[in-house]
S.K.: 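The structure is given below, and queries will be raised subsequently.
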Amino acid sequence: MIRIAPSLLSADFARLGDEVRDAVAGGADLMHFDVMDNHYVPNLTVGPLVCQAVRPHCAVPIDVHLMVKPVDRIVPEFAKAGASIISFHPEASDHIDRTLALIRDSGCKAGLVFNPATPLAYLDHVMDKVDLILVMSVNPGFGGQAFIPSALDKIREARRRINQSGRDIWLEVDGGVNASNAGAIVAAGADTLVAGSAVFGEKDRAAAIRRLRESLAKA
Ligand code: DX5
Ligand code: ZN
């Protein structure tokens with residue numbers, strides 16, 4: 001089963017509760033929550049307060065993607081605010097192993113995020129501490145960017161590492177995912193697709209999610 005995680009980044013921020021309910025009713029498996037700090041990435045979005053406000057409207061797990069530096073200080077805040085998964089960029093943490101443990105100790109699943117130029121070698125010594133690998137197929141900071149094709153090789157390499165580990169680690173892809181490339185992304189080994197503009201950029205979210213799933217069935 002492939003999980004679809006609509007990214008709230010492309011939702012209407014003036015009515016986030018309705019937006020979340022709309023996407024969940026339309027078949028979202030997770031709610032992707034992009035946290036940007038105008039420091040690690042050149043954009044500023046939302047924090048734990050908004051996560052907490054959205055939580056009662058969200059019948060699926062909240063998948064928090066931290067694009068912040070430093071990381072550790074904000075982790076317990078998001079756990080308290082109702083996050084189920086918390087992922088961070090290894091470059092943004094001075095002590096990756098410690099941050100992974102902190103996330104798990106807070107009761108959440110822990111994810112590592114790989115920018116287009118970030119090597120998967122960061123996984124070498126922490127495979128047993130990771131619940132999710134997030135491969136970025138754009139440079140983080142903005143929705144609506146074009147998918148970077150070299151991500152496909154990286155997804156294959158991440159899938160190889162996961163299979164070799166024998167562990168149930170999710171492989172998520174984020175950036176420029178749509179109905180025309182989702183099939184290739186899943187064929188490369190992804191099991192979880194983030195879609196911002198391809199879902200919240202469309203008027204009918206249920207139809208947008210259906211189109212994504214149908215594209216997978218055809219691929
Ligand atoms: C980008 C974010 C993505 C973004 C994806 O930094 O991490 O989650 O919302 O948006 P689309 O699907 O429009 O590329
Ligand atoms: Zn994201």
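First listed ligand is number 1; within each ligand, the first listed atom is number 1.
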S.K.: For ligand 1, find each of its N or O atoms that sits under 3.5 Å from a protein N or O atom, and tabulate the pairs with distances to one decimal place.
M.R.:
{"unit_1": "ligand 1", "atom_1": "6 (O)", "unit_2": "Gly141", "atom_2": "N", "d": "2.8"}
{"unit_1": "ligand 1", "atom_1": "7 (O)", "unit_2": "Asp34", "atom_2": "OD1", "d": "3.0"}
{"unit_1": "ligand 1", "atom_1": "7 (O)", "unit_2": "His65", "atom_2": "ND1", "d": "3.2"}
{"unit_1": "ligand 1", "atom_1": "7 (O)", "unit_2": "Asp174", "atom_2": "OD2", "d": "2.9"}
{"unit_1": "ligand 1", "atom_1": "8 (O)", "unit_2": "His32", "atom_2": "NE2", "d": "3.4"}
{"unit_1": "ligand 1", "atom_1": "8 (O)", "unit_2": "Asp34", "atom_2": "OD1", "d": "3.1"}
{"unit_1": "ligand 1", "atom_1": "8 (O)", "unit_2": "Asp34", "atom_2": "OD2", "d": "2.8"}
{"unit_1": "ligand 1", "atom_1": "8 (O)", "unit_2": "Asp174", "atom_2": "OD1", "d": "2.7"}
{"unit_1": "ligand 1", "atom_1": "8 (O)", "unit_2": "Asp174", "atom_2": "OD2", "d": "3.0"}
{"unit_1": "ligand 1", "atom_1": "9 (O)", "unit_2": "Ser7", "atom_2": "OG", "d": "2.8"}
{"unit_1": "ligand 1", "atom_1": "9 (O)", "unit_2": "Asp34", "atom_2": "OD2", "d": "3.1"}
{"unit_1": "ligand 1", "atom_1": "12 (O)", "unit_2": "Gly196", "atom_2": "N", "d": "2.8"}
{"unit_1": "ligand 1", "atom_1": "13 (O)", "unit_2": "Gly144", "atom_2": "N", "d": "2.8"}
{"unit_1": "ligand 1", "atom_1": "13 (O)", "unit_2": "Ser197", "atom_2": "N", "d": "3.0"}
{"unit_1": "ligand 1", "atom_1": "13 (O)", "unit_2": "Ser197", "atom_2": "OG", "d": "2.5"}
{"unit_1": "ligand 1", "atom_1": "14 (O)", "unit_2": "Gly176", "atom_2": "N", "d": "2.8"}

S.K.: At a cut-off of 2.8 Å, what protein N/O/S atoms sit near the Zn ion (ligand 2)?
M.R.: His32 NE2, Asp34 OD1, His65 ND1, Asp174 OD2
S.K.: Return the set of residues passing side-chain hydrogen bond (donor to acceptor under 3.5 Å, both in side chains) with Glu157 (not counting sequence neighbours), or none when no residue passes.
M.R.: Arg160, Arg161
S.K.: Considering only NZ, NE, NH1 and NH2 on the basic side and carboxylate oxygens on the acidic side, decide whether Lys109 and Asp63 come within less than 4.0 Å.
M.R.: no
S.K.: Look at the side-chain heavy atoms of Ile, Leu, Val, Met, Phe, Trp and Tyr, link any pair under 4.5 Å apart, and say whether Leu216 and Val135 land in one connected group.
M.R.: yes
S.K.: Pairs in or reaching into residues 68-78: which pass salt bridge (charged side-chain N to carboxylate O under 4.0 Å, His left out), with residues at least two apart or in two chains?
M.R.: Glu77-Lys80
S.K.: With a 4.5 Å cut-off on side-chain heavy-atom distances among I, L, V, M, F, W and Y, is there a chain of contacts connecting Leu30 to Ile209?
M.R.: no
S.K.: Asp204 side chain to Ala207 main-chain N or O, any donor-acceptor pair under 3.5 Å?
M.R.: yes
S.K.: Would you call Arg3 and Glu172 a salt bridge, using N to O less than 4.0 angstrom?
M.R.: no
S.K.: Return the CZ to CD1 distance between Phe88 and Ile86, rounded to the nearest 0.5 Å.
M.R.: 10.5 Å
S.K.: Going by the angle between their ring planes, with limits at 30° and 60°, are His65 and His89 parallel, tilted or perpendicular?
M.R.: parallel
